[in-house]
Each structure stands twice: as C-alpha cells, then as structure tokens.
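The structure appears below as structure tokens.
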Amino acid sequence: MPGAPAKPVLLTGASGNLGRMLAKALTAEGWTLRLTDISPFPDPLPAGASFTRADLNDGVTIMRLAEGCGAIVHMGGIANEQPFETIIGPNIRGLYHIYEAARREKARVVFASSNHSIGFHERMETIGADTQFLPDGFYGLSKAYGELMGRLYWFKHGVESVFLRIGSCFPEPVNARMLSTWLSYPDLARLVVRCVTTEKVGCSVVWGASDNARMTWWRDDAREDIGWAAQDSADPYAGQLSGKVSGDPIEERYMGGNFCALDYSREEPAPGGLFETKSD
Ligand code: NAI
Ligand code: 15L
C-alpha cells in the first residue's frame, strides 16, 4: 500500500457498516482520519482517528470538520430505498455540504455512489461507466444526482471526484445476484486507498465489484487509471448461491434487483429500454 496521505481525511458515515470497516483499515495504514456520523461510533476509536457526531444537514459543522483535509471519503447518508422526504436531506443537501467543504479546502471527494443509479439496466446488457443513469428508486436517484453534482464541481471549480458505483459490499455474498455484484471489504478498502492517494483522478467512475466471473454487466471505468484491480471473487460461493433467486420477474430482470421491484406499479410488460413502448 502507498504511504499515508499528507493531510487528514474526513470519513463520513463512519458508524455504518462500510465506514466502520474503512476506519479500521485506513488507520491501520497509518492514516489520520476525522470520523463523523449522526450515530455514535460503536467501536473503540482507532489510533489516528477522532470522531465528531454530526448531521450531514448541518453545513457549518461539515465545513469545520473538513478544515485542513485533503480528501473526503463520503460514505454517509441513507443507504436504501426510502420516501423522497427522508432521502433529500442526508443524500442531497448533505452532499452539497460535502462539495462546498471540498471546494473550500481544495479537497478530493470519494463518493459512495451505487449500482441503484443505473438499476433499471437489464442484466443481459454490458454497460460502460458513461451509460445513461436509470435509477430504480428515490435512493438511486439521489446517487445519480450526487454524481452529477460532482461533475458540476469538477467542471466549474476543479474539485476532483471518484464515484464508486458500489454493487453489494458485504462480508460475504448472500444470493445469486451477488455472485455478480459482490464487492469484498478488502477490495473496497484497497480501492479507497487508490482513490485518495493516486496523484490525479479528475472526475471518474469506478464500478465497485470484485473479480466475479458473473460480473458481465459493468465495464470501461477508471480502475486502470487509478491503479486498482479487484483481488477477491464471489466465485467460490457459486455452488451454494446460484439457486438462491427470488422468483420475482422484475427483480431478476434488472441489475438493481429488489430495489426495482419495490413499489413497482407499471402495467406489464416491463419496458426493455428507455424508448421501447411495446414488448412484441
Ligand atoms: P450504512 O447505512 O451502514 O451507513 C450509512 C451511515 O450514514 C450510517 O452510519 C448513518 O448513521 C449515516 N447517516 C445517515 N444519515 C445521516 C445524516 N443525516 N448525517 C450523518 N450521517 C448520516 O450503509 P453502508 O452499507 O455502510 O453504506 C455506506 C455508503 O455506501 C452509503 O452511502 C451507501 O449508499 C453506499 N453503498 C453501499 C452499498 C453496500 O453494499 N453496502 C452498495 C452501494 C452503495
Ligand atoms: C446499495 O446501494 C445498498 O446500500 C446496499 O444495502 C445493497 O442493497 C446494495 O446496494 C445492493 O444493491 O446489493
């Protein structure tokens, strides 16, 4: 692993599943971290880290927390499908506060985007990072908007970003879909290290999946430019998980899985593409 960044790194969402893992992994690399979350940090504070409890809606505190930081690893926010009004504060206003702080500090943003920003692409497709957004709910919509916000701050203010379109980042894959979408914790930690320490990243997208044989969906991203390659794989779980499917045709048809099926009220047949109006 490369040396620790010269400046502290702000890690939001530090009390969540990925934040806790990253807090441990990055301090183990000698990084100085400022951790923040609306919930208390549940673990013993690692050496090299401080924790401040804050709401992403509180722009003044976010600005203060980012002072002197060289990068913001933004994991905080609502991480699943919720009503619009629940999402808009943490995921939209909160992200605006992150970008304003990054702009002032000339800091880089590593943004935890999601596969749900493109969730209505069909699983039989292979899409590149420049594919059209097809969000599968208000959560995915907030991630697509977040990436667009990052582009705005890059083109207008020169704020660098890496958008991590994370698939399914859990300790282990738990169903057939995750044989495609699973990202191991160590692969994510190594990816974040590269995102922060690579000299220049511009404004780029990396699909967040491990080296899974079934990951035929996502291609053509910035991984080589930032020097990251996945090392882990969901393949050893194929035997036990390949039959673990939902039986729901909407869930199994689209990349976003059950997020697509949630509150789905379109009359059948489902569209096969943005401009397709009939199925025959
Ligand atoms: P998580 O729900 O465990 O962590 C999110 C954290 O954000 C929580 O600790 C929560 O307290 C905090 N948070 C929520 N509202 C907040 C607010 N108003 N102010 C401050 N903090 C707030 O989710 P997880 O799995 O750790 O995900 C981290 C990030 O990665 C999220 O942004 C999620 O959308 C994204 N992601 C995760 C994936 C996964 O498979 N785990 C897949 C795709 C994206
Ligand atoms: C996400 O964006 C969620 O945060 C996570 O909980 C999973 O649902 C993941 O996507 C997924 O698609 O598996």
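What you are looking at is a predicted structure, and each value in this text was computed from that prediction instead of being measured.
Counted within 6.0 Å of CD on E224, heavy atoms from surrounding residues, nucleotides or ligands total 12 or fewer; the atom is thus considered open.
The hydrophobic cluster around L179 extends to Y237, L241, counting ILVMFWY residues whose side-chain heavy atoms fall within less than 4.5 Å of a member. Through direct or indirect side-chain contacts shorter than 4.5 Å among Ile, Leu, Val, Met, Phe, Trp and Tyr, W207 is connected to I118, I127, F133, L148, M215, W217, W218, M255. Think of F155 as one node in a network of Ile, Leu, Val, Met, Phe, Trp and Tyr side chains linked at under 4.5 Å; its network also takes in W154.
Under the rule for a side-chain hydrogen bond (donor to acceptor under 3.5 Å, both in side chains), the partners of T131 that lie at least two apart in sequence or sit in another chain are H121. In this structure Y153 satisfies the side-chain hydrogen bond (donor to acceptor under 3.5 Å, both in side chains) test together with E100, sequence neighbours excluded. In this view, D221 and R223 satisfy the side-chain hydrogen bond (donor to acceptor under 3.5 Å, both in side chains) rule, not counting sequence neighbours. Residues satisfying the side-chain hydrogen bond (donor to acceptor under 3.5 Å, both in side chains) test with D37, not counting sequence neighbours, are none. Judged as a ring-ring contact (aromatic ring centres under 6.0 Å, His included), and not counting sequence neighbours, the contacts of F138 are F84. Applying the salt bridge (charged side-chain N to carboxylate O under 4.0 Å, His left out) test to R108 and every residue at least two apart in sequence or in another chain returns E160.
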Could you give me the CA-CA distance, side-chain angles and deciding distance for R165 and E147, then say whether salt bridge (charged side-chain N to carboxylate O under 4.0 Å, His left out) is met?
-> CA-CA 10 Å; R165 282 195 202 141; E147 290 193 28; 2.9 Å; yes

Without placing hydrogens or testing angles, list every side-chain donor-acceptor pair under 3.5 Å for residues 64-75, not counting sequence neighbours.
from, atom 1, to, atom 2, distance (Å)
E67, OE2, R104, NH2, 3.2
H74, ND1, T12, OG1, 2.7

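Applying the ring pair (Phe, Tyr, Trp, His ring centres under 6.0 Å) test to pairs two or more places apart or on separate chains, those with a residue in residues 37-66 are F41-F51. Residue pairs meeting the salt bridge (Lys or Arg N to Asp or Glu O under 4.0 Å) criterion with at least one partner in residues 228-247, sequence neighbours excluded, are R190-D232.
The two residues F259 and E81 come nearest to each other via the heavy atoms CE2-N, 3.7 Å.
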